[in-house]
Peer 1: 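Before we start, here is the structure in question, set down as structure tokens.
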Amino acid sequence: MSQMVPLFKKELIESWRNFKFAAIVIVFAIIGILSPFTALILPDILGIVMDDSGVTVEIPESTSLDSYMQFFSNMNQMGLVIFVIVFGSILTHEFTRNTLVNLVTKGLKRTYVIVVKASFLMLVWTVGYVISALVAYAYTIYYWDEPVDHLVLAFSMTWLYGLFIISLILLASTLFTNSFIAVLFSVVAVVIVMLMAGIHPDIAEYLPQYLIGNNVGLLAGEIDPEDVLWPTVITAVLSLVFILLAVIRFKKVPMT
């Protein structure tokens, strides 16, 4: 613990100085603000477009479900991508600058490096995501005041998927120590493989991808909370396994 606390403080100070932590909070808060607002004005925009086109179509009023649909669409795609781009180099950057060499040669346990990096990324992701979700919830209640069922679970599904992506980043960083681009492509490749595997309905319901593909389905009552049990368990287990593999791999990385 005496080694982990200073290392964690180092991550906090660096993220403060390079504005990364604040950038994630600000961007995620904007997503939380814009998602309900976009859902609110979208029928009016479509109505104007239809009128200009001379097409008469009755466009239904937006609902709170539309707001959450917009939020999960923005967060599951744009939010997660921004997070990976901003923090995907958290370990490879240390290798390219050789900043870990002195610390490791002076006795810093390599396991602590991965544990602290993982804890720090989880903190940033959790803080940014919770702020975004709370802002989206507050604005949705303000505009529509329509309660929906299983909202906390729906929010938790994307949060857990974010932890899974963090574990992927760390594992890929220990495999491609000097290349952020390789880490980025590794994460994208895994996501693409899951999307392709998800084409098969018998496999799709067990994949981590199922969590971010069914947030709105859960809110709309198209699936039940029991349906996300297995993908939740599998995603949590995979995340822990990837972190463990990252620790094992990091211990074998040459550092001179």
Peer 1: Do D227 side-chain atoms and I223 backbone N/O form a donor-acceptor pair below 3.5 Å?
Peer 2: no

Peer 1: Determine whether a donor-acceptor pair (N or O, by modelled atom type, separation under 3.5 Å) exists between the side chain of E146 and the backbone of S64.
Peer 2: yes

Peer 1: Measuring from I243:CD1 to L121:CG, what's the distance to the nearest 0.5 Å?
Peer 2: 8.5 Å

Peer 1: Would you find a donor on one side and an acceptor on the other, under 3.5 Å apart, between the side chain of T96 and the backbone of N178?
Peer 2: no

Peer 1: Nearest 0.5 Å, what's the OG-CD1 distance between S239 and I234?
Peer 2: 11.5 Å

Peer 1: Does Y139, at its OH atom, have more than 12 non-hydrogen atoms belonging to other residues, nucleotides or ligands within less than 6.0 Å?
Peer 2: no

Peer 1: Can you tell me if Y137 has over 12 outside heavy atoms packed within less than 6.0 Å of its OH?
Peer 2: no

Peer 1: Please state whether the rings of Y129 and F71 are parallel, tilted or perpendicular, taking 30° and 60° as the class boundaries.
Peer 2: tilted

Peer 1: I'd like to know if the side chain of R249 and the backbone of L244 have a donor-acceptor N/O pair within less than 3.5 Å.
Peer 2: no

Peer 1: Ring-plane angle category for F164 and F242, please: parallel below 30°, perpendicular beyond 60°, tilted otherwise.
Peer 2: tilted

Peer 1: Does the side chain of W159 pick up a donor-acceptor pair with the side chain of T126 at under 3.5 Å?
Peer 2: yes

Peer 1: So does R97 have more than 12 non-hydrogen atoms from other groups sitting under 6.0 Å from CZ?
Peer 2: yes

Peer 1: Restricting to non-hydrogen atoms, name the atom on A172 and the atom on S186 that form the minimum distance, rounded to 0.1 Å.
Peer 2: CB-CB, 3.8 Å

Peer 1: Please check this pair: side chain of S89 against backbone of T92, looking for a donor-acceptor N/O pair closer than 3.5 Å.
Peer 2: no

Peer 1: Measuring only between side-chain heavy atoms, which start at C-beta, is M157 closer than 4.5 Å to I212?
Peer 2: no

Peer 1: Parallel, tilted or perpendicular: which fits the ring planes of F72 and Y68, with parallel below 30° and perpendicular above 60°?
Peer 2: tilted

Peer 1: Going by heavy atoms in the side chains, are T111 and F250 under 4.5 Å from each other?
Peer 2: no

Peer 1: Side chains of I248 and T174: closer than 4.5 Å at any heavy-atom pair?
Peer 2: no

Peer 1: Between N215 and N76, do the side chains contain an N or O donor and an N or O acceptor separated by less than 3.5 Å?
Peer 2: yes

Peer 1: Measuring from atom CD1 of I131 to atom CD1 of I31, what distance do you get when rounded to the nearest 0.5 angstrom?
Peer 2: 12.5 Å

Peer 1: Taking atom types as modelled, find out whether Q70 and T38 have a side-chain donor-acceptor pair closer than 3.5 angstrom.
Peer 2: no

Peer 1: Has the side chain of T158 got a donor or acceptor atom that lies under 3.5 Å from a matching backbone atom of F155?
Peer 2: no

Peer 1: Would you confirm whether S132, through its side chain, and G128, through its main-chain N or O, come within 3.5 Å as a donor-acceptor pair?
Peer 2: no

Peer 1: What I want to find out is whether E14 reaches K20 closely enough, with some N-O distance under 4.0 Å, to be called a salt bridge.
Peer 2: no

Peer 1: If every non-hydrogen atom of L207 is compared with every non-hydrogen atom of P231, which pair is closest and at what distance?
Peer 2: O-CB, 3.6 Å

Peer 1: Can any side-chain N or O of D145 pair as donor or acceptor with the backbone N or O of Y142 at less than 3.5 Å?
Peer 2: no

Peer 1: For M69, is there any backbone N or O sitting under 3.5 Å from a side-chain donor or acceptor partner on S73?
Peer 2: no

Peer 1: Please check this pair: side chain of K117 against backbone of I90, looking for a donor-acceptor N/O pair closer than 3.5 Å.
Peer 2: yes

Peer 1: Check the pair F83 / W125 against ring-ring contact (aromatic ring centres under 6.0 Å, His included), numbers first and verdict last.
Peer 2: CA-CA 8 Å; F83 183 83; W125 167 248; 5.6 Å; yes

Peer 1: Working to the nearest 0.5 angstrom, can you tell me the gap between L163 CG and L238 CG?
Peer 2: 12.5 Å

Peer 1: What residue among L195, V193, V188 forms side-chain contact (heavy atoms from CB on, under 4.5 Å) with V191?
Peer 2: L195

Peer 1: Taking atom CG of L103 and atom CG of N98, what is their separation to the nearest 0.5 Å?
Peer 2: 11.5 Å

Peer 1: Using the side-chain hydrogen bond (donor to acceptor under 3.5 Å, both in side chains) definition, which of the options H93, K10, E94 pairs with T99?
Peer 2: E94

